Amino acid sequence: MTIKTAGGDIVVTGLEYFDLEQTLRCGQCFRYHALPKGGYLCLAADKAVHAFDKGAGTLVLSGCTYEDFEGFWRGYFDLDRDYAALRRGINADPLLQEAMDACSGIRVLRQDFFETLISFIISANNNIPRIRGIVERLCARFGQPRFIGGETYYTFPRPQDLAARTLEELAPVRAGFRAKYILSAARMVLSGEINEADIRSLPLEKAREILMHIPGVGPKVAHCVLLYGAGRLTAFPADVWIRRVLRESYGGEDCDPAVFGPYAGLAQMYLFHHARITAGRAKAAPGAVMAAAR
DNA sequence: TGGCAGGGTCATA
DNA sequence: TATGACCCTGCC
């Protein structure tokens, strides 16, 4: 990997297994917007950047300082991890191999812990367009304004920005029954009852158990927070899509994720995204059997 | 225009 | 362990 600056942009070349679109659209994050000129506005925690995938392992970041790149985006996009080695650590059967080939550019974003926690609490019994809307309104109401490329965006609220709020104040966000969970989570993080360092370092099951003390956090959301917000690549969020894959191809929903190896979480991302794009194609094809229908 | 389902969790039985 | 309720909006 080589990093250069050119005309105020950060140009990263020589990336293996990197595809910006796959990485953003595989369901691990909710704050990104396609730009008219191509590329994406990526929002994360209190940062924003314009990101352009130029193909052939080249990523161009625009609108951020070199310090922000080094201090934040380089880690966020997981640019320093050797994905070839990671992939070798996955026990790939033919189906998983197909998914790994089709979605080879997915990277596990290293997202902000609190943002990930709140975002996936919001995801419960919800669809992606609506999740994105709720997250956007939450930021617009309780985050701080920032400016990039002449546009205003809002930072993700910090625990202290939400903890003292009331359900009435959250009503315009239209999170529904999840509003009370958002407030509880913010209060538990602010008070230290939920400690990010513990979630990152304790044994996975213990960390998951702690997260599940938060109202609105069940097994699935806890695993999402562990994988996307705490860098725990063994975490294995099993949603309806993955449960269906396990049921149809791995002998049942109770299949132990350990069969995929130490990076089961990454294997899950390949399987999840692959299942969704396959279902999308089946849906788009005229007369296609809805094999992926639940 | 209306009805359904949604990347889950919780309370209750 | 199973079932219904929860908010509300995108989508068919």
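Convention: sequence-line order gives letters A, B, ...; per-chain numbering from 1. All values derive from a computational prediction rather than experimental measurement. Side-chain atoms are counted along with the backbone in the values below, which use heavy atoms only and exclude waters and symmetry mates.
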Which of these passes side chain to side chain contact (heavy atoms under 4.5 Å, CB included) with Leu227(A): Thr116(A), Leu233(A), Thr234(A), Leu109(A)? Leu233(A)
Is the charged tip of Arg88(A) near the ring of Tyr263(A): under 6.0 Å from the six-membered ring centre and within 45° of its axis? no
On a plain distance test, is the side chain of Arg178(A) in donor-acceptor contact with the base of dC6(C) below 3.5 Å? no
May I ask you to verify whether the side chain of Asn125(A) and the base of dC7(C) hold a donor-acceptor pair under 3.5 Å? yes
Give me the distance, rounded to whole Å, that separates [N] from [M] when you measure between the [atom1] atoms they each carry.
{"N": "dT9(C)", "M": "dC10(B)", "atom1": "C1'", "answer": "22 Å"}
{"N": "dC4(B)", "M": "dG4(C)", "atom1": "P", "answer": "15 Å"}
{"N": "dT9(B)", "M": "dG10(C)", "atom1": "P", "answer": "23 Å"}

With sugar-phosphate meaning primed atoms plus P, OP1 and OP2, does [X] contact a base, only sugar-phosphate, or nothing at under 4.0 Å between heavy atoms?
{"X": "Pro237(A)", "result": "nothing"}
{"X": "Tyr181(A)", "result": "sugar-phosphate"}
{"X": "Ile122(A)", "result": "nothing"}
{"X": "Gly216(A)", "result": "sugar-phosphate"}
{"X": "Ile131(A)", "result": "nothing"}

Considering just the side-chain nitrogens and oxygens of Arg174(A), establish if one lies under 4.0 Å of OP1 or OP2 belonging to dT9(C). yes
The side chain of Asp239(A) lies closest to which of these nucleotides: dT9(B), dG8(B), dC7(C)? dG8(B)
With the side chain defined as heavy atoms from C-beta on, Pro129(A) is closest, among dG7(B), dC11(C), dT9(C), to dC11(C)
With both distances under 3.5 angstrom, what nucleotide forms a Watson-Crick or G-U wobble pair with dC12(C)?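 Pairing partner: dG2(B).
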May I have the distance from Glu253(A) (atom CD) to dA2(C) (atom P), rounded to whole angstrom?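 Rounding to the nearest Å, CD of Glu253(A) and P of dA2(C) are 11 Å apart.
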5'-most by nearest nucleotide on DNA chain B - Tyr228(A) or Val217(A): Tyr228(A)
Would you sort out whether Tyr228(A) and Phe120(A) count as a ring pair (Phe, Tyr, Trp, His ring centres under 6.0 Å), showing the intermediate values? CA-CA 10 Å; Tyr228(A) 306 131; Phe120(A) 281 91; 5.4 Å; yes
Phe236(A)/Ile242(A) under side chain to side chain contact (heavy atoms under 4.5 Å, CB included): CA gap, chis, key distance, verdict: CA-CA 9 Å; Phe236(A) 191 89; Ile242(A) 287 297; 3.7 Å; yes
Is the backbone N or O of Arg200(A) less than 3.5 Å from a side-chain atom of Arg232(A), with the two atoms forming a donor-acceptor pair by type? yes
